[in-house]
Protein chains: 2
Amino acid sequence: MTKRYREIYEDLKNSILEGTVSPGEKLPSETDLCKRYGASRGTVRRALELLAKEGFVYSLHGKGVFVLENDLISFSVGGLVSFKEAAQASGKAFSTVVSRFAEVTIDEPLQKKTNLPLGKTAYQLFRVRKLEGENIILDINYFLKELVPGLTEEIAAASIYEYIEETLNQKIGFAKRVIQVEKATRTDKEQLDVKQYNLMAVVKNFVYLYDGTQFEYTESRHRPDRFIFTDFARRR
Amino acid sequence: MTKRYREIYEDLKNSILEGTVSPGEKLPSETDLCKRYGASRGTVRRALELLAKEGFVYSLHGKGVFVLENDLISFSVGGLVSFKEAAQASGKAFSTVVSRFAEVTIDEPLQKKTNLPLGKTAYQLFRVRKLEGENIILDINYFLKELVPGLTEEIAAASIYEYIEETLNQKIGFAKRVIQVEKATRTDKEQLDVKQYNLMAVVKNFVYLYDGTQFEYTESRHRPDRFIFTDFARRR
DNA sequence: CGGCATTTGTTCGTATGTATC
DNA sequence: AGATACATACGAACAAATGCC
């Protein structure tokens with residue numbers, strides 16, 4: 001399939017990012033865009049919807065479609081950016097050390113914490129992220145073994161998600177994310193340079209496959225002074 | 001206008017929340033839904049897209065549309081929920097006290113903090129949120145006076161957004177949100193029951209009108225033990 | 001394996017409603 | 001009032017994935 005609406009979306013997005021159309025300006029009307037791209041109105045509107053959802057444009061009934069400032073949104077496209085992702089995007093790569101790789105059985109306290117099914121076996125992973133000489137983030141992962149078979153330390157050091165989606169051909173459906181501030185644990189103090197801080201910023205991820213079964217729990221524990229989380233929300 | 005797609009969306013959402021259709025089950029096919037609601041396929045699909053975006057259902061090409069577990073998402077519909085919003089939704093209302101209402105000029109440090117234009121006048125508002133006998137959240141707002149004229153303490157105690165959208169007929173476009181952990185300030189300690197905590201979870205909001213002008217900066221400072229932030233993300 | 005029905009995904013053309021100027 | 005522009009809705013066709021026989 002050609003996915004014409006995506007082509008139009010990409011083309012308009014490029015015009016905006018390259019500055020061919022400037023913030024505040026009006027895009028050509030939908031009917032004009034239909035002529036330009038030789039597409040139907042529905043297809044053009046679908047492209048515009050995509051742009052609006054990502055914050056590049058906004059449309060006003062009866063007036064037109066306008067281009068928004070895009071310096072704000074360039075780094076928040078896709079929804080959510082943690083410090084980790086932001087640092088990686090800016091080129092300051094973390095070095096990552098896998099400090100623990102084990103198999104564990106989900107017992108009751110672990111079930112309560114991870115929401116994974118009781119009695120099942122999971123891979124348990126600790127990964128320490130170092131930036132500018134300091135150990136700043138501790139990632140703790142639990143993957144259900146039966147859903148992610150054959151996971152190795154090498155794969156973990158590379159990209160687990162690539163492995164899941166491309167090698168195992170599993171489709172990731174959705175994730176629930178929770179941010180809280182918690183007391184620093186003994187593990188935090190052992191694995192990280194927590195300095196004087198006794199609290200940690202914690203991002204908890206509950207990740208589900210398309211069929212609604214949870215296969216992962218991940219906890220990302222950040223030293224509070226280096227934690228930042230941004231998002232971009234549209235009204236309506 | 002009737003907004004048929006919204007009616008269908010609401011009806012299907014209710015069936016899911018009431019348990020008429022259970023998680024894991026397949027919804028009737030799109031053509032069947034067309035017959036049931038007497039609507040076209042495009043309209044039905046639009047309703048289904050809304051449901052998918054909010055995490056109630058997911059659709060698989062060639063198979064059907066399936067209902068997801070919804071206990072997880074019931075409180076995250078709409079994208080983002082702070083502790084404040086969650087507590088309000090659960091009926092545990094906050095009592096709110098406006099502890100400061102003033103006009104200030106945006107000077108350089110304030111410009112840096114709020115991103116509002118230098119030299120302009122803004123309403124400055126402190127609001128303290130009390131839950132279960134403790135002062136837990138300090139909201140600090142700055143509204144540009146020229147864009148929100150006639151704001152009073154009474155309006156502030158009620159709903160500022162209702163005033164902006166309905167009385168002033170201004171349209172709010174989008175918001176950039178940042179979550180960080182910061183040192184507790186003297187103001188925090190004066191206004192809140194911070195207990196032994198010396199850090200605060202801070203949610204900063206930069207809010208823009210549809211035309212791209214910023215009109216508000218809000219900082220919501222939470223005692224870390226009572227802070228929670230959740231979101232729900234779909235893949236692709 | 002091919003063939004066929006079912007189901008979702010994409011696109012088109014058209015008509016009508018409603019806000020803005 | 002009329003022109004323009006976006007919003008909603010309908011109907012039809014074909015593409016692509018799935019499952020069954």
Side-chain angles (χ1 to χ4, degrees), chain A residues 1-12 21 24-53 56-68 165 169-171 173-174 209-212 234-236, chain B residues 1-12 21 24-53 55-68 165-166 168-173 209-211 234-236:
Chain A
M1 216 178 306
T2 37
K3 290 202 177 168
R4 194 86 182 85
Y5 72 92
R6 184 153 275 279
E7 290 174 15
I8 298 172
Y9 157 77
E10 294 289 349
D11 192 66
L12 288 172
V21 282
E25 274 183 48
K26 198 159 81 79
L27 285 184
S29 76
E30 292 178 356
T31 43
D32 286 351
L33 289 174
C34 293
K35 286 171 202 157
R36 177 196 296 186
Y37 292 108
S40 74
R41 181 120 183 272
T43 304
V44 166
R45 280 180 63 77
R46 202 161 166 190
L48 292 174
E49 268 170 44
L50 269 182
L51 287 170
K53 199 167 65 181
F56 289 104
V57 303
Y58 66 104
S59 47
L60 287 182
H61 198 155
K63 297 183 86 167
V65 180
F66 297 83
V67 179
L68 282 170
E165 294 204 307
N169 206 27
Q170 289 275 19
K171 283 189 190 174
F174 56 97
L209 295 176
Y210 253 123
D211 63 3
R234 304 201 64 68
R235 195 85 172 170
R236 285 275 119 213
Chain B
M1 215 181 305
T2 37
K3 291 201 175 169
R4 194 85 182 84
Y5 73 93
R6 185 152 275 280
E7 292 173 15
I8 297 172
Y9 157 77
E10 295 288 349
D11 192 66
L12 289 172
V21 282
E25 272 183 50
K26 199 159 80 79
L27 285 185
S29 76
E30 291 176 357
T31 42
D32 286 351
L33 289 174
C34 293
K35 286 171 202 158
R36 179 198 293 185
Y37 291 109
S40 73
R41 189 149 162 245
T43 305
V44 166
R45 280 180 63 77
R46 203 163 166 190
L48 291 174
E49 268 169 43
L50 267 183
L51 287 170
K53 200 168 64 184
F56 290 104
V57 303
Y58 67 103
S59 44
L60 288 181
H61 196 159
K63 298 182 85 167
V65 180
F66 297 83
V67 179
L68 283 170
E165 294 204 306
E166 290 177 18
L168 297 177
N169 206 26
Q170 289 275 20
K171 283 190 188 175
I172 292 163
L209 296 175
Y210 254 124
D211 62 4
R234 306 200 63 69
R235 195 86 170 171
R236 275 286 111 206

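Values in this document were obtained by computation on a predicted structure and should not be read as measured data. Sequence lines set the chain letters: A, B, ... in the order given, protein chains first and strands last, and positions in each chain run from 1.
- Nearest to the side-chain atoms of A/Ser40 among the listed nucleotides C/dT8, D/dC6, C/dG13 stands C/dG13.
- In summary, B/Arg6 and B/Glu10 engage in a salt bridge, as defined by a charged side-chain N under 4.0 Å from a carboxylate O.
- Both A/Gly62 and B/Asp32 sit near DNA chain C, but only B/Asp32 has its closest nucleotide nearer the 5' end.
- The side chain of A/Arg45 contributes no N or O atom lying less than 4.0 Å from OP1 or OP2 of D/dC6.
- Salt bridge annotation for B/Arg4-B/Glu7: present, with a cationic side-chain nitrogen under 4.0 angstrom from a carboxylate oxygen.
- Distance CD (A/Glu7) to P (C/dT10): 13 Å, rounded to an integer number of Å.
- Nucleic acid contact class of B/Gly42 (heavy atoms, under 4.0 Å, all strands): none.
- Note on A/Thr31: every side-chain N or O is 4.0 Å or more away from OP1 and OP2 of D/dT4.
- In this structure, the side chains of B/Leu12 and B/Leu48 come closer than 4.5 Å at one or more pairs of heavy atoms.
- Rounded to a whole Å, the CD atom of B/Glu30 is 15 Å from the C1' atom of D/dC14.
- Here C/dT6 presents its P atom at 12 Å from NZ of B/Lys26, a figure rounded to the nearest Å.
- Of the candidate nucleotides C/dT8, C/dC12, C/dT10, C/dT10 has the atom nearest to the side chain of A/Tyr5.
- One can place CG of A/Leu60 at 9 Å from P of C/dC21, the figure rounded to the nearest angstrom.
- OP1 or OP2 of D/dC6 has not a single side-chain nitrogen or oxygen of A/Lys63 nearer than 4.0 Å.
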Checklist line | Steps toward side-chain contact (heavy atoms from CB on, under 4.5 Å) verdict (A/Ile8, A/Thr43) | finding: CA-CA 9 Å; A/Ile8 298 172; A/Thr43 304; 4.1 Å; yes
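- Going from atom CD1 of A/Ile8 over to atom C1' of C/dT10 covers 12 Å, rounded to whole Å.
- Note on B/Arg46: a side-chain N or O is less than 4.0 Å away from OP1 or OP2 of D/dT8.
- In this structure, A/Lys26 NZ and A/Ser59 OG are separated by 11.5 Å, a value rounded to the nearest 0.5 Å.
- In this structure, the CZ atom of B/Phe66 is 17 Å from the P atom of D/dA17, given to the nearest Å.
- For D/dA16, the base has a donor-acceptor partner in the side chain of B/His61 [N/O atoms by modelled type, under 3.5 angstrom].
- Among D/dA7, D/dA9, C/dT7, the nucleotide with an atom closest to any side-chain atom of A/Arg41 is D/dA7.
- Side-chain nitrogen and oxygen atoms of A/Thr43 include none within less than 4.0 Å of the OP1 or OP2 phosphate oxygen of C/dT10.
- For the pair B/Leu48 CG and D/dA9 P, the interatomic distance rounds to 14 Å; values are reported in whole Å.
- Regarding A/Tyr37, its OH atom lies at a distance of 18 Å from the C1' atom of C/dT10, rounded to whole Å.
- Between B/Ser59 and C/dG9 there is a side-chain N or O to OP1 or OP2 distance below 4.0 Å.
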